[in-house]
Amino acid sequence: MVKGIAITGMGIISSIGNTVEENYKSLTNITPGISEIENIKTNHKSHIKVGEVKMSNHNLAVCLKLPKNHNYSRTALFGEIAAKQAVKNAKIKDINSCRTGLISATSVGGMDLTEKYFYSQFQETKNRRFITSHSAGDSSTKIANSLGITDFVSTISTACSSAANAIMLGARMIKAGKLDRVIVGGSDCMSKFTINGFKTLMILSETNCRPFDANRTGLNLGEAAAFLVLESDECVKKENKKVLAYVSGYANANDAFHQTASSKNGEGATLAMKKALKVANLSFKEIDYINAHGTATENNDASESAAICSVFGKNIPSISSTKAFTGHTLAAAAAIEAVYSVLALQNNMVFPNLNFETPIAETNIIPETKLVQKELNHVLSNSFGFGGNCSTLIFSKA
Amino acid sequence: MSKYFINGIGCVSAQKTTDTATGFQDFEELTTNLVSVQKPNYREYIQPSMIRRMSIGVKMGAVASSIALKDALLETPEAIITGSGMGCLQDSEKFLRNIIDNDEQFLTPTAFIQSTHNTVGAQIALGLGCKAYNVTYVHDATSFETSMIDAMMMMMDDGEKNVLIGGVDEIGKFTFETQKLIGHVKNEDTLANGILLSESKGAVYGEGAQFFVLENKKTNNSYAKLIDVAIYNELSEGGLTKKIETFLTKNSLSVSEIDLVVLGINGDVEYDEHYKKLQNLIFKNTAQVYYKHFSGEYNTASAFGVWTACKLIKEQTIPQSLKLNTVEVTSIKNVLLYNQYRGKNHSFVLLKSC
């Protein structure tokens with residue numbers, strides 16, 4: 001029997017909703033969250049489309065009841081909102097009733113603040129409070145403090161696969177008996193830094209992104225946070241917890257090909273998927289749905305397609321990338337898609353891959369373009385990042 | 001029960017630690033508030049065409065990891081786990097400054113590509129052609145310790161026979177200036193009497209890269225056994241001593257059985273109190289050493305502490321320049337390292353001679 005580490009709570013804020021329910025509604029009503037950028041003043045405004053959360057920092061801070069002079073980055077604001085939802089969803093009354101940790105992922109950290117106050121913090125004392133908000137660990141520490149977690153707190157940054165590695169570490173720590181409960185996920189806000197970074201790489205689409213389409217034009221950047229609560233079997237039993245789904249497989253491999261580009265045959269991705277299946281003790285034939293990384297860049301989708309073909313051969317299950325809904329939310333992406341994978345399992349629903357028309361000739365993968373209702377038992381979710389990082393998670397029905 | 005032997009070590013630091021002929025007796029105590037590493041001969045370790053493009057962090061990481069692997073006679077590890085509190089600061093600062101100064105125009109991707117926190121781990125993998133597990137922890141002062149915890153789990157649960165772990169942080173000039181603004185780095189440029197006698201707030205800002213090969217078997221080159229690691233985001237005033245005792249009990253040890261404590265004292269008068277309390281109370285009768293007067297403070301400086309401890313255990317002598325007290329030890333068997341930064345992110349590392 002396949003089991004794994006129990007997921008007992010989820011929380012999310014993304015461009016398609018501020019709660020799990022809102023995200024599910026947008027996915028099933030086919031309401032993507034791709035729009036023109038509003039919260040950041042950038043020269044690229046008319047040349048990019050983004051998955052932006054339309055709430056201002058002020059409104060996010062009000063939601064969290066933060067004092068006026070807080071020094072939260074947008075990453076920390078998103079993170080705390082999503083993590084609190086997850087803890088509430090898991091019906092945790094006393095966070096320290098068992099050994100509880102927090103593992104968060106971010107690539108941007110407090111870059112939004114650093115770029116805003118880059119020079120002014122030298123002149124104006126009031127802007128100096130943001131200096132300590134720059135580091136990646138700052139958002140995790142703020143989230144941990146708000147939840148009352150004092151034990152194991154860590155932060156992972158492996159570019160766009162970060163949250164997958166956070167979920168994986170959390171699952172492994174429970175399995176190893178080092179923690180009883182762990183809040184895992186990731187948060188990344190948009191910043192001029194990432195917009196311009198991806199712009200110089202010429203992989204930002206001017207229109208809505210088209211994952212797995214032969215004529216795809218690049219990615220849409222997004223911003224979001226999502227967290228899951230993982231608990232040991234003992235915790236679940238002791239508190240009679242409702243299990244939403246299980247993390248049954250996980251793996252991380254390195255493509256070791258190029259700092260930013262994926263290899264043509266997707267070797268790292270192939271290794272990650274195969275290892276994750278092995279950890280889950282599942283055959284590739286038992287995977288019912290692949291929630292792909294599918295960023296809609298020329299390189300990723302070709303490489304990921306090749307890897308999927310080499311793992312699944314001719315038996316490719318239902319597949320879709322949900323990035324045309326949310327944009328690519330970088331370090332948070334795997335956590336966002338973990339929530340979607342669990343929703344898929346709970347509702348026996350494959351979410352559509354929007355804007356797809358023509359398959360890539362070499363691999364001929366045709367993703368689901370409509371909402372499909374079918375029995376799902378195991379969902380495989382991919383996340384890949386700069387530095388050759390390839391991570392795969394497998395979620396199984398509770 | 002799995003065993004974790006430290007079989008190879010590599011260190012790029014403010015001292016000439018890449019030079020095998022250099023020992024603790026040659027170390028020079030830091031006298032400024034900003035301390036760069038002693039630049040190794042990069043050509044010995046990195047393809048010349050790559051050197052120019054790599055930031056100092058990537059270069060240090062490449063050199064330290066290469067020395068550690070060579071020291072352990074290992075070609076390709078089964079996992080690469082890196083800790084880096086601030087990541088690739090120089091390229092991040094460079095790209096950000098260009099965005100702001102040039103109003104988002106005339107940008108090139110190189111600095112952005114190399115700015116991600118996991119660049120060092122990725123470049124090591126790329127250099128070795130290592131397709132194994134590769135993760136980077138970026139949680140302030142416990143980034144390196146999380147790498148150790150992950151490595152131990154890899155070897156215990158997942159059956160990996162060896163893991164390359166390391167800590168690396170580079171100086172960013174902009175970050176140095178901002179850290180000075182808020183008093184996290186000392187404002188005075190020079191330290192007349194060293195960090196131990198410093199009466200000012202803030203630390204000495206440094207950089208470095210330390211890598212280690214962990215293996216599940218003892219070799220002729222083994223430095224020490226890694227017994228256990230614990231990290232705490234926050235500890236209450238009285239919680240520290242209690243946590244240390246619990247940590248030792250969990251590992252079947254008492255305070256009196258610790259032969260040496262290695263403390264992360266960094267000369268910040270505000271936060272060195274955490275160490276002073278231990279020095280004067282539970283470890284009053286234990287030999288004590290410190291190391292940041294040779295390395296400077298950076299998020300992964302505690303890896304320099306582990307490197308120092310490995311050397312001391314292997315050499316079984318404690319040089320005067322590291323000592324904090326006069327307690328003599330005949331044999332260095334059980335070694336406890338304790339570190340924290342600004343009262344947060346406390347870590348305990350337990351090493352044993354093998």
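Per chain, numbering begins at 1; letters A, B, ... match sequence-line order.
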Do B:Arg342 and B:Asp268 sit within salt-bridge range, that is, some charged N less than 4.0 Å from a carboxylate O?
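Answer for the salt bridge query: yes.
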
Before accepting this row, confirm whether a basic side-chain N of the pair A:Lys192/A:Asp112 lies closer than 4.0 Å to the acidic partner's carboxylate O.
no

Please look at [X] and chain B and tell me whether the side chain, the backbone, both or neither of the residue comes under 4.5 angstrom of a heavy atom of that chain.
X: A:Asn389; value: side chain
X: A:Asn43; value: both
X: A:Met202; value: neither
X: A:Lys278; value: neither
X: A:Thr42; value: both
X: A:Phe122; value: both
X: A:Ile156; value: both

Minimum side-chain heavy-atom gap A:Asn71-A:Leu113 below 4.5 Å:
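No. Closest side-chain heavy atoms not under 4.5 Å.
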
Please step through ring pair (Phe, Tyr, Trp, His ring centres under 6.0 Å) for the pair B:Phe112 and A:Phe193, ending with a clear verdict.
CA-CA 8 Å; B:Phe112 177 68; A:Phe193 188 89; 5.7 Å; yes

Heavy-atom cut-off 4.5 Å, strictly under: side chain, backbone, both or neither for [X] against chain A?
X: B:Thr119; value: both
X: B:Ser84; value: neither
X: B:Met86; value: side chain
X: B:His346; value: neither
X: B:Ile231; value: both
X: B:Thr136; value: both
X: B:Ile113; value: both
X: B:Ala132; value: backbone
X: B:Glu145; value: neither

Quick one: of [options], who has the most non-hydrogen atom pairs under 4.5 Å with chain A?
options: B:Thr146, B:Ile99, B:Thr82, B:Leu107; value: B:Ile99
options: B:Lys243, B:Gln179, B:Lys344, B:Glu234; value: B:Glu234
options: B:Ile149, B:Leu128, B:Thr142; value: B:Ile149
options: B:Asp140, B:Leu96, B:Asn299; value: B:Leu96
options: B:Gly239, B:Ala141, B:Ser143, B:Ser92; value: B:Ser92
options: B:Leu235, B:Asn98, B:Asp101; value: B:Asp101

Does one side chain, of [X] or [Y], offer a donor that lies under 3.5 Å from an acceptor on the other?
X: B:Gln123; Y: A:Gln259; answer: yes
X: B:Thr249; Y: B:Thr246; answer: no
X: A:Thr158; Y: A:Ser161; answer: yes
X: B:Gln340; Y: B:Ser347; answer: no

Under 3.5 Å: donor-acceptor pair, side chain of A:Asp255, backbone of A:Ser263:
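Yes, A:Asp255 side chain to A:Ser263 backbone: donor-acceptor pair under 3.5 Å.
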
Under a 3.5 Å distance rule, please check whether A:Arg172 uses its side chain to pair with a backbone N or O of A:Ile167 as donor and acceptor.
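No.
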
Do you know which of A:His134, A:Arg129, A:Met173 has the most heavy-atom pairs under 4.5 Å to chain B?
A:Met173

